[in-house]
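Values below: all heavy atoms of this structure, side chains included; hydrogens, waters and symmetry mates excluded.
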Amino acid sequence: MKKILFSAHSLDVGGIEKALVTLLNELQKKDYKITLVLEKKQGIFLNEINPQIQIIEYTPNNDKNIFKRKLINLIKQLKFTLKYKNKFDFSASFATYSNAGAFVTRTASKNSYLWGHADYLTLYENNIEKVKQFFKEKKYNKFKKIIFVSKEGKDTFVSVFPKMKEKTIVCNNLIDNQKIEKLAEEEIELKKEEITTFLNVGRHDEKQKRLSKIIEVASRLKNDNYKFKILFVGDGQDTEKYKQLVRQYQLEEQIIFLGSKQNPYPYFKISDCVILTSEYEGYPVVFLESMILNKPLITTKVSDYEEIEGKYGYTTTKEIEDIYEKMKLFIENGFEIKEKFDAEKYNNEIIEKINKLIQ
């Protein structure tokens, strides 16, 4: 039986964490013995992990005293190395930002992989030195391969690290389509209305998600006498800022804040269109969720947007004017999805690729 290890920061709400849980539960169906290492053994997805998967905690010390912190962390690293060095057939650092996860992964196996979930060049506003520093902290060149969940993420990484071209591959995130379809049937108090309803699902982080653009567009649509609603499922550091903006534009009837939901899928069911206005993304999980639930999308041109354009919805530039035009177009004409997304084929291709890496 192959022994495999994955590392992450925690299992709090997030696209990376959701993708990891889906992948681990799928791999558990194979003949693998799986260990998950977390910096913090917490998060609402903990209870969704298959109980046969062993979870251990590796938490770096964050003492303000530099000498004390370095000494404690050195001892922790030595203990982990003595116990786990090369004990696994495969290891993967799934939360790219976790330096501790990168150390754990490199130590646990010679067959180690670093997962990338974003276009880091865009994330760091085209500051190449910051991108280099980010990956140097992970000791990126010590991994067997770097895996990106989107072609765009891979391409920009290779543009910064051209010598890594042959060691960098693309492998999209898995999606549990059966579970999503089942969860979408759960009853909620909010009901479908006879009015065009848009849905945004995700973390409220203006730097990345740019939800202020949706609010500004909503103000224009209201002034132009269009009838619509927008549901915000999620929360974050900028939630209050968004609520204040909604009050400022007097959009309380048009924009509804629903908070974070462990099961957001019934809200897809009562919506007509999913909208994404992000400045950057890895491969957005919401693309897959929307396609599985047969809901059209309006999305800015983030990673792999080409898969959406004209087939599963409308794409826009990141300018408010274009977002306005596409939302208006959807209110007036809607969008018909003509080809059902084949989730089974999509997942089988990914599992086959990961099995080859493990073997």
Inset, instruction - For this output row, return yes or no: ring centroids of Phe232 and Phe257 closer than 6.0 angstrom. - result: yes
Legend entry - Donor-acceptor under 3.5 Å (Ser91 side chain, Thr105 main chain): yes
Inset, instruction - Decide whether a cation-pi geometry holds between Lys142 and Tyr140; the criteria are a distance under 6.0 Å from NZ or CZ to the six-membered ring centre and an angle within 45° of the ring axis. - result: no
Legend entry - Inter-residue atom distance Ile214.CD1 - Lys209.NZ, 0.5 Å rounding: 10.5 Å
Inset, instruction - Please say whether more than 12 non-hydrogen atoms of neighbouring residues, nucleotides or ligands are located less than 6.0 Å from CD in Glu125. - result: no
Inset, instruction - Dump the intermediate steps for side-chain contact (heavy atoms from CB on, under 4.5 Å) on Thr22 and Asn173, then the final yes or no. - result: CA-CA 9 Å; Thr22 302; Asn173 285 324; over 6 Å; no
Legend entry - Pair Gln42, Asp12: side-chain N/O donor-acceptor within cut-off below 3.5 Å: yes
Inset, instruction - Please examine the side chains of Val274 and Val201, heavy atoms only from C-beta on, and report whether any two atoms are closer than 4.5 Å. - result: no
Inset, instruction - Decide if atom CD of Glu253 counts as having more than 12 heavy atoms of other residues, nucleotides or ligands within a radius under 6.0 Å. - result: no
Inset, instruction - Can you see which heavy atom on Ser278 is nearest to which on Val302, and at what distance? - result: O-CG1, 3.4 Å
Inset, instruction - Would you confirm whether Ser150, through its side chain, and Gly153, through its main-chain N or O, come within 3.5 Å as a donor-acceptor pair? - result: yes
Inset, instruction - Could you point out which residue of Lys328, Arg220, Lys213 forms a salt bridge (charged side-chain N to carboxylate O under 4.0 Å, His left out) with Glu321? - result: Arg220
Legend entry - Val37 reachable from Leu24 in the ILVMFWY side-chain graph, under 4.5 Å edges: no
Inset, instruction - Would you indicate whether Lys167, at its atom NZ, is surrounded by more than 12 heavy atoms from other residues, nucleotides or ligands within a distance under 6.0 Å? - result: yes
Inset, instruction - Go through the side-chain N and O atoms of Glu307 and Tyr312 and say whether any donor and acceptor fall under 3.5 Å apart. - result: no
Legend entry - N/O donor-acceptor pair under 3.5 Å between Lys269 side chain and Glu185 backbone: no
Inset, instruction - For residues Thr300 and Ile323, report the shortest heavy-atom separation together with the two atoms involved. - result: CG2-CD1, 4.3 Å
Legend entry - Side-chain donor or acceptor of Lys85 paired with backbone N/O of Thr107 under 3.5 Å: no
Legend entry - Side-chain H-bond candidate by donor/acceptor type, Lys138 with Asn99, under 3.5 Å: yes
Inset, instruction - Compare every heavy atom of Ser219 with every heavy atom of Leu251, then report the nearest pair and how far apart it is. - result: CD1-N, 3.9 Å
Inset, instruction - Return the minimal non-hydrogen interatomic distance between Val149 and Tyr283, and the atom names on each side. - result: O-CB, 3.2 Å
Legend entry - Donor-acceptor under 3.5 Å (Asp235 side chain, His204 main chain): no
Inset, instruction - Hey, could you give me the NZ/CD1 distance between Lys222 and Ile255, rounded to the nearest 0.5 Å? - result: 10.0 Å
Inset, instruction - Give the cluster check for Ile75 versus Ile56: same hydrophobic cluster or not, with ILVMFWY residues linked at side-chain heavy-atom distances below 4.5 Å. - result: no
Legend entry - For Ile256, the option from Val233, Leu231, Val246 that meets side-chain contact (heavy atoms from CB on, under 4.5 Å): Leu231
Inset, instruction - Treating Ile, Leu, Val, Met, Phe, Trp and Tyr as nodes and any side-chain heavy-atom pair under 4.5 angstrom as an edge, say whether Ile230 and Leu329 lie in one connected cluster. - result: yes
Inset, instruction - Please test Glu166 against Lys145 for salt bridge (Lys or Arg N to Asp or Glu O under 4.0 Å), starting from the C-alpha separation and ending with a verdict. - result: CA-CA 9 Å; Glu166 299 305 316; Lys145 287 188 185 296; over 6 Å; no
Legend entry - Pairwise side-chain contact, Glu39 with Glu57, heavy-atom cut-off 4.5 Å (strictly under): no
Inset, instruction - On the 0 to 90° scale, with breaks at 30° and 60°, tag the Phe135-Tyr120 ring pair as parallel, tilted or perpendicular. - result: perpendicular
Inset, instruction - Nearest 0.5 Å please: distance from the CG atom of Leu121 over to the CZ atom of Phe157. - result: 11.5 Å
Legend entry - Lys353 (side chain) donor-acceptor with Val170 (main chain) under 3.5 angstrom: yes
Legend entry - Close side-chain approach of Gln244 and Arg247, heavy atoms under 4.5 Å: yes
Inset, instruction - To the nearest 0.5 angstrom, please state how far the OG atom of Ser260 sits from the CD1 atom of Ile44. - result: 5.5 Å
Inset, instruction - Determine, step by step, whether Ile298 and Thr277 satisfy the side-chain contact (heavy atoms from CB on, under 4.5 Å) criterion, reporting the C-alpha distance in whole Å, the side-chain angles of both residues, the deciding distance to 0.1 Å, and the verdict. - result: CA-CA 8 Å; Ile298 294 174; Thr277 52; over 6 Å; no
Inset, instruction - Verify the neighbour count for atom NZ of Lys191: are there more than 12 heavy atoms of other residues, nucleotides or ligands below 6.0 Å? - result: yes
Legend entry - Near-ring test Phe335/Tyr314, centroid separation under 6.0 angstrom: yes
Inset, instruction - Look at the aromatic rings of Phe6 and Phe90 and report parallel, tilted or perpendicular, splitting at 30° and 60°. - result: tilted
Legend entry - Within 45° cone and under 6.0 Å: Lys3 NZ/CZ vs Phe88 ring: yes
Legend entry - Heavy-atom closest contact (Cys273 atom, Leu297 atom, distance): SG-C, 4.1 Å
Inset, instruction - Check the angle between the aromatic planes of Tyr84 and Phe80 and answer parallel, tilted or perpendicular using the 30° and 60° thresholds. - result: tilted
Inset, instruction - Would you check if Tyr226 and Glu332 make a side-chain contact, meaning some heavy-atom pair closer than 4.5 Å? - result: yes
Inset, instruction - Might you confirm whether atom CG of Leu78 has over 12 heavy atoms from other residues, nucleotides or ligands at distances under 6.0 Å? - result: yes
Inset, instruction - May I ask you to decide if Asn73's main-chain N or O and Asn61's side chain share a donor-acceptor pair within less than 3.5 Å? - result: no
Inset, instruction - Verify whether the ring centers belonging to Phe94 and His117 lie closer than 6.0 Å. - result: yes
Inset, instruction - Calculate, to the nearest 0.5 Å, the distance between atoms NZ and CD1 belonging to Lys192 and Ile270 respectively. - result: 8.0 Å
Inset, instruction - Establish whether Ile169 and Leu27 are linked, either directly or via other cluster members, by ILVMFWY side-chain heavy-atom contacts under 4.5 Å. - result: yes
Legend entry - ILVMFWY network linking Leu5 to Tyr113, side-chain heavy atoms under 4.5 angstrom: no
Inset, instruction - Would you indicate whether Glu252, at its atom CD, is surrounded by more than 12 heavy atoms from other residues, nucleotides or ligands within a distance under 6.0 Å? - result: yes
Legend entry - Any Ile331 side-chain heavy atom under 4.5 Å of Phe198 side chain: yes
